[in-house]
Amino acid sequence: MGMSDSIVIIPTYNEKENIEAIIKAVFALPHAFDILIIDDNSPDKTGEIVKDLQKLFPEKLYLIEREGKQGLGTAYIAGFKWALQRSYQYIFEMDADFSHNPADLPRLHEACTSQGADVAVGSRYYSGVNVVNWPMGRVLMSYFASKYVQFITCMKIQDTTAGFVCYRREVLETIDLDNIRFKGYAFQVEMKYTAYCLKFKIKEVSIIFVNRIYGESKMNSSIFREGVFGVVALRIRKMLGRIKAKKQQ
């Protein structure tokens with residue numbers, strides 16, 4: 001079986017109710033996507049479920065097990081580095097809980113393969129507010145957080161905090177991944193802003209975001225604070241000329 005051109009990276013922590021279904025949904029798509037799970041030693045044995053599924057999907061389903069919760073950003077960085085050591089051309093971020101619809105993966109892929117995008121963002125706010133089953137307070141917090149990021153960074157992106165993303169390989173090879181600082185949801189802003197500063201083309205693809213049915217959200221107040229104050233720090237780093245392409249070996 002040949003390797004896919006695309007890898008979907010899914011960080012997990014206590015996702016036993018969702019993990020098998022999300023993996024099978026991705027593998028059922030007409031386009032061939034490989035999957036890399038980054039599990040932070042989930043107490044509910046999410047990693048064990050993935051290991052069992054690897055027997056069904058050899059050379060398509062991969063697993064990195066880490067010793068404990070180390071943050072969303074570090075999980076994705078580990079996944080990016082793993083993917084870049086292989087021949088994947090399109091590298092995706094996606095949640096495990098079906099808030100990101102696997103059926104939208106081919107649309108993000110097409111944006112990068114056929115529509116000129118270097119980074120394709122599954123956007124909740126590109127055509128209005130497309131969020132289902134979130135409390136109104138959280139919808140407002142998320143929406144205005146994106147507007148705040150837009151204002152500080154001047155990025156013309158409606159959903160700056162989105163976590164459903166496709167990167168062309170060249171983007172992740174150019175970004176100095178060891179210099180990405182944020183670990184929580186501010187990581188998503190930092191990655192987009194870095195790509196923006198390095199002149200890559202970012203395209204939004206409208207999606208409908210559906211709140212998880214099973215499991216618990218990982219959002220908390222410290223993650224939110226990191227996002228609010230981290231954006232200002234990012235802007236200052238840009239003004240000081242500290243956001244630079246990775247030096248090629």
Side-chain angles (χ1 to χ4, degrees), residues 1-106 108-109 122 162-169 171-173 175 177-178 180 182-185 187-188 191 212-219 223:
M1 183 182 299
M3 180 180 287
S4 170
D5 69 347
S6 305
I7 184 83
V8 181
I9 301 171
I10 304 177
T12 56
Y13 185 78
N14 286 349
E15 293 288 357
K16 68 177 183 180
E17 297 96 342
N18 297 304
I19 193 62
E20 180 172 353
I22 197 78
I23 287 170
K24 290 182 175 179
V26 172
F27 286 150
L29 295 170
H31 182 84
F33 294 92
D34 289 352
I35 298 175
L36 172 62
I37 304 296
I38 315 283
D39 186 65
D40 277 2
N41 195 25
S42 297
D44 71 355
K45 305 298 184 184
T46 298
E48 297 302 316
I49 298 171
V50 176
K51 287 178 184 177
D52 286 340
L53 290 169
Q54 285 183 302
K55 300 169 187 175
L56 292 177
F57 304 107
E59 300 181 17
K60 287 176 61 67
L61 175 61
Y62 302 94
L63 172 67
I64 294 175
E65 293 183 290
R66 307 199 301 173
E67 293 184 355
K69 287 187 75 173
Q70 299 175 44
L72 183 76
T74 65
Y76 276 127
I77 295 296
F80 293 158
K81 290 181 176 181
W82 185 95
L84 291 175
Q85 290 171 355
R86 292 152 180 87
S87 60
Y88 296 106
Q89 299 302 306
Y90 305 98
I91 300 161
F92 293 74
E93 300 179 3
M94 191 174 78
D95 290 349
D97 60 7
F98 283 94
S99 55
H100 302 145
N101 187 344
D104 289 323
L105 285 168
L108 296 181
H109 184 265
F164 194 18
V165 184
C166 174
Y167 295 96
R168 286 181 54 241
R169 180 185 186 90
V171 178
L172 298 181
E173 288 177 330
I175 291 174
L177 296 174
D178 291 329
I180 297 296
F182 294 117
K183 296 182 178 180
Y185 285 83
F187 165 83
Q188 302 293 3
M191 286 295 297
R212 66 164 62 235
I213 296 173
Y214 303 109
E216 296 183 358
S217 171
K218 313 304 187 291
M219 175 64 78
I223 289 173

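This structure is a prediction, so every number in the text was calculated from the model and none was measured. Only this structure's heavy atoms are used, side chains among them; waters, hydrogens and symmetry mates stay out.
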Looking at every heavy atom in both Ile9 and Gly79, which two are closest together, and how far apart are they?
CD1-C, 3.4 Å
Where the side chain of Asp44 meets the backbone of Glu15, is there a donor-acceptor pair that is under 3.5 Å apart?
yes
Considering all heavy atoms, the nearest Phe33-Ser6 contact:
CD2-CB, 3.5 Å
Ignoring hydrogens and angles, tell me if any N or O in the side chain of Thr46 forms a donor-acceptor pair with the backbone of Ser42 under 3.5 Å.
no
Quick one: OH on Tyr167 to CD on Glu93, what's the gap to the nearest 0.5 Å?
4.0 Å
Any heavy-atom pair between the side chains of Val50 and Thr12 that's under 4.5 Å?
no
Indicate the atoms forming the closest heavy-atom contact of Ile22 with Ala96, along with that distance.
CB-O, 3.7 Å
Just wondering, do Leu108 and Tyr90 contact through their side chains at under 4.5 Å, heavy atoms?
no
Minimum heavy-atom distance between Phe164 and Asn101, given as atom pair plus value:
CZ-O, 3.7 Å
Hey, what's the ring geometry for Phe92 with His109, parallel, tilted or perpendicular (30° and 60° as the breaks)?
parallel
For Glu67, does the CD atom have more than 12 heavy-atom neighbours from other residues, nucleotides or ligands under 6.0 Å away?
no
Aromatic ring pairing Trp82/Tyr88, orientation class (parallel under 30°, perpendicular over 60°, tilted between)
parallel
Passes side chain to side chain contact (heavy atoms under 4.5 Å, CB included), Phe182 versus Gln188? Steps please.
CA-CA 9 Å; Phe182 294 117; Gln188 302 293 3; over 6 Å; no
Derivation of the side chain to side chain contact (heavy atoms under 4.5 Å, CB included) call for Asp39 and Lys51:
CA-CA 11 Å; Asp39 186 65; Lys51 287 178 184 177; over 6 Å; no
Does Leu105 reach the side chain of His31, with side-chain heavy atoms less than 4.5 Å apart?
no
Just wondering, do Arg169 and Leu84 contact through their side chains at under 4.5 Å, heavy atoms?
yes
Atom pair CG/CZ of Asp34 and Arg86 - distance to nearest 0.5 Å
10.5 Å
Spacing of Ile7 atom CD1 and Ile35 atom CD1 [to the nearest 0.5 Å]
8.0 Å
Closest heavy-atom pair, Pro102 versus Met94, reported as atoms and distance to 0.1 Å, is CA-SD, 4.3 Å
Any heavy-atom pair between the side chains of Ile38 and Thr74 that's under 4.5 Å?
no
In Leu63, Leu53, Val8, the residue satisfying side chain to side chain contact (heavy atoms under 4.5 Å, CB included) with Ile37 is Leu63
Minimum heavy-atom distance between Arg66 and Gly71, given as atom pair plus value:
NH2-O, 3.3 Å
Determine whether a donor-acceptor pair (N or O, by modelled atom type, separation under 3.5 Å) exists between the side chain of Asp40 and the backbone of Gln70.
yes
Charged N to carboxylate O below 4.0 Å: is that the case for Asp52 and Lys45?
no
Using a 4.5 Å cut-off on heavy atoms from C-beta on, say whether the side chain of Leu172 contacts that of Met191.
yes
Between Gln89 and Ser87, is there a donor-acceptor pair closer than 3.5 Å when you use the side chain of the first and the backbone of the second?
yes
From Leu56 atom CG to Leu61 atom CG, the distance as rounded to the nearest 0.5 Å:
9.0 Å
Say whether, by atom type as modelled, one donor and one acceptor occur between the side chain of Asp97 and the main chain of Ser99 under 3.5 angstrom.
yes
Nearest 0.5 Å, what's the NE2-CD1 distance between His100 and Ile10?
10.5 Å
